[in-house]
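Single-structure report; data block below.
For ligands, and for the atoms within them, numbers begin at 1 and follow the listed sequence. The structure displayed is predicted, hence computed values, not measured ones.
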Amino acid sequence: MKKIRKICCIGAGYVGGPTMAVIADKCPHLEINVVDINKNRIKAWNDNDLSKLPIFEPGLEEIIKKRRNQNLFFSTQVEDQIKNADMIFISVNTPTKTHGIGAGFASDLRWIESCARQIAKYAEGHTIIVEKSTLPVRTAEKIKSILDLSLKGNKPKNANLQFSVLSNPEFLAEGTAIDDLINPDRILIGGDDMEAIKLLEDIYSNWIDKNKILKTNIWSSELSKLIANAFLAQRISSINSVSALCEKTGANVIEVSRAIGMDSRIGNKFLNAGPGFGGSCFKKDILNLIYICEFYGLKEVAKYWKSVLDINYWQQNRISSLIIDKLFGTISGKKISIFGFAFKSNTNDTRESPAINICKNFLNEGCELLIYDPKVNEKEIASELGKNEKNVDPNIGNWHKFYTIEDSVKNADAIVILTEWEEFKNIKWDLISELMRKPAWVFDTRNICKKEEITKSDINFWQVGISDKES
Ligand code: NAD
Ligand code: UGA
């Protein structure tokens, strides 16, 4: 039976980097090469100053310190590492298409295709290809056809060339990636080559109980990843829709979540109301699911999943309007502090963060945004909101990034908490109140603050899913 000694991972992003770091840590007998075409990203992965790693994840620095240049290597040598590898993980990005057929819905598979072509060109011997990226169902078929074409035109030196394609989607969540990788709920492997499946299973068995390793056909595996994300997102849209109803009726969404979550059939996770889900995957994966349903003529099913996205967008706009309304219906020329720009806490990732849409809504009303986030840098914010230059049009607002909470609230009319960073839970509100313009407001879209501490500091308070009568 083939032995796995060298692994190559194409794509050193949020999935490739942490996943390979954990495999390297748990399997010191394996050599892991993570490759990427993005030179700056690779440079950052190799930086001696570990605070400069391209990704912030609790626990990641320690593993990188231990394994980097031992059995974990980051480089741009894509061709060489494909050639050397016994097993290749594809962890490249699969964003939503912006042009052509399926634009706005279908996944853009150009990076997947380019990986398949590179593998077809440079691989040697029996190579196992593992789809780690989230892919539309039946993508393995496309990868296989590209690889098969290369087998047909095979040169004699590569006579042993042989490929197996497996699906092994990743379920880690950002902010808890290392813990999720070390203690996953399950590992899913889809495929029909039993030897290749066994070899991949053997890698995970170094630290994961075999009972947690689930084997399915390749299409079930590909589809399960999309469906898992769709179900998680659906729960958030459900509770967010309930948050609006709670605000109208005097019910309290925290209490409702707790009450329904104690039903073991419902479960208590993913029931926190908020400003809507963000992150690079929920929206893109649901759009992709909608596209696939439409493709197979399942219009009603497509419509059903689209409503999950509609509620998400509606919640962001609903919160924006409600805040403007409470600030006497106009925020033109006012200062609003934004607490948190990342799409969730413990990550520096801003992709699809609800903060983006909410901040844009405010800027369009001509206000000044004072943004504070402990991990997101100014460049990232600029890439989402545009440069923070003074606008010629006085109706369009401007933004500034601040490095302390105190600096970000000076003369502010309102604070809007958009990310549930731990440090926002322990703010000394009496000190903050002194720095703000009155009447001052705190809008807590994550339900992380204590009402009494804020209201006793002479600040008005609003929480998502809790009616004014109660809060
Ligand atoms: P990412 O954008 O952070 O990283 C992808 C990397 O792939 C980039 O650095 C890019 O330069 C590189 N790349 C693209 N084409 C390449 C090529 N031909 N050769 C070498 N490198 C190439 O993306 P990500 O967040 O890590 O997501 C990757 C995949 O994993 C996506 O399909 C995503 O849906 C899925 N996923 C993401 C998460 C998450 O939390 N971010 C979790 C589970 C699954
Ligand atoms: C999500 C899934 O949880 C992972 O299993 C999956 O692997 C990943 O997508 C992916 O495919 O990329 P992630 O987006 O990193 O992970 O983070 P989540 O914890 O799922 O949070 C997503 C969004 O939902 C965040 O904006 C978060 O604040 C929001 N959320 C989450 C809520 O508003 N309420 C909740 O109760 C939970």
Subject >> atom 21 (N) of ligand 1: nearest protein contact (heavy atom, Å) >> reply: Ile37 N, 3.4 Å
Original post:
Nearest heavy-atom pair of Asp36 and Gly13: which atoms, and what distance?
Top reply: OD2-N, 4.4 Å
**OP:** Examine the side chains of Asp80 and Asn84 and answer whether a donor and an acceptor come within less than 3.5 Å of each other.
**Re:** no
**OP:** Report the part of Asn93 in contact with ligand 1, treating N, CA, C, O as backbone and CB onward as side chain, heavy atoms under 4.0 Å; options are side chain, backbone, both, neither.
**Re:** both
Original post:
Side chain or backbone of Arg351 under 4.0 Å from ligand 1, or both, or neither, by non-hydrogen atoms?
Top reply: side chain
Subject >> Identity and separation of the nearest protein heavy atom to atom 1 (P) of ligand 1 >> reply: Arg41 NH1, 3.6 Å
Original post:
By number and element, which atoms of ligand 1 are closer than 4.0 Å to a non-hydrogen atom of Asn38?
Top reply: 11 (O)
Original post:
For atom 43 (C) of ligand 1, which protein heavy atom lies nearest, and how many Å away is it?
Top reply: Glu170 O, 3.2 Å
Subject >> Sub-4.0 Å heavy-atom environment of ligand 2, residues by chain >> reply: Glu170, Phe171, Leu172, Ala173, Glu174, Lys225, Asn229, Leu232, Ile236, Phe270, Leu271, Asn272, Phe277, Gly278, Cys281, Phe282, Phe343, Lys344, Arg446
Original post:
Nearest heavy atom to atom 29 (C) of ligand 1: which of Thr94, Val34, Thr19, Val92 does it belong to?
Top reply: Val92
Subject >> Trp111 neighbourhood, listing ligand 1 atoms whose heavy-atom distance to it stays under 4.0 Å >> reply: 14 (C), 15 (N)
Original post:
Can you tell which part of Ser114 has a heavy atom less than 4.0 Å from ligand 1: side chain, backbone, both or neither?
Top reply: side chain
Original post:
Which of parallel (below 30°), tilted (30 to 60°) and perpendicular (above 60°) describes Trp207 and Tyr204?
Top reply: tilted
Original post:
Do any N/O atoms on Lys284 end up under 3.5 angstrom from N/O atoms on ligand 1?
Top reply: yes
Original post:
Looking at Gln118, which atoms of ligand 1 are within less than 4.0 Å of one of its heavy atoms?
Top reply: 18 (N)
Subject >> Pair Phe277 and Phe282, ring centroids less than 6.0 Å apart >> reply: yes
Subject >> Nearest neighbour in protein (non-hydrogen) for atom 19 (N) of ligand 1 >> reply: Ile10 CG2, 3.4 Å
Original post:
Is the closest basic N to carboxylate O distance between Arg138 and Glu141 below 4.0 Å?
Top reply: yes
**OP:** Find all atoms of ligand 1 within a distance of less than 4.0 Å from any non-hydrogen atom belonging to Glu174, and give their numbers and elements.
**Re:** 39 (C), 40 (O), 41 (N)
**OP:** Please confirm whether Asp36 comes within less than 3.5 Å of ligand 1 when only nitrogen or oxygen atoms on both sides are compared.
**Re:** yes
**OP:** Distance to 0.1 Å, residue and atom name: give those for the protein heavy atom nearest to atom 24 (P) of ligand 1.
**Re:** Tyr14 N, 3.9 Å
Original post:
When you check the gap from the basic side-chain N to the acidic O, do Lys83 and Glu124 get nearer than 4.0 Å?
Top reply: no
Original post:
Counting each atom of ligand 1 from 1 as listed, which ones have a heavy atom of Ser280 under 4.0 Å away?
Top reply: 41 (N)
Original post:
Can you name the ring-ring contact (aromatic ring centres under 6.0 Å, His included) partners of Phe89, sequence neighbours left out?
Top reply: none
**OP:** Could you tell me whether Thr134 and ligand 1 have an N or O pair separated by under 3.5 Å?
**Re:** yes
Original post:
Which atom names give the shortest non-hydrogen contact between Ile178 and Pro18, and what distance separates them?
Top reply: CD1-CB, 4.1 Å
Original post:
Would you say Cys8 and Val35 make side-chain contact, with heavy atoms under 4.5 Å?
Top reply: yes
**OP:** Using a strict cut-off of 4.0 Å, indicate which atoms of ligand 1 neighbour a heavy atom of Ser91.
**Re:** 5 (C), 28 (C)
Original post:
What part of Asp349, side chain from CB on, backbone N/CA/C/O, both or neither, has a heavy atom under 4.0 Å from ligand 1?
Top reply: neither
**OP:** Using a strict cut-off of less than 4.0 Å between a Lys/Arg side-chain nitrogen and an Asp/Glu carboxylate oxygen, indicate whether Lys212 and Asp185 qualify as a salt bridge.
**Re:** no
Subject >> Salt bridge flag under 4.0 Å for residues Arg446 and Glu420 >> reply: yes
**OP:** Please say whether Val15 places an N or O atom under 3.5 Å from an N or O atom belonging to ligand 1.
**Re:** yes
Subject >> Test: Glu113 and Arg117 ion pair at under 4.0 Å >> reply: yes
Original post:
Are side-chain N/O atoms of Ser243 and Arg318 paired as donor and acceptor at under 3.5 Å?
Top reply: yes
Original post:
Side chains of Asn211 and Asp209: do they bring a donor and an acceptor to under 3.5 Å?
Top reply: yes
Original post:
Cation over ring, Arg351 on Phe343, under 6.0 Å and within 45°?
Top reply: no
Original post:
Taking atom types as modelled and ignoring hydrogens, do the side chains of Glu31 and Asn33 form a donor-acceptor contact shorter than 3.5 angstrom?
Top reply: yes
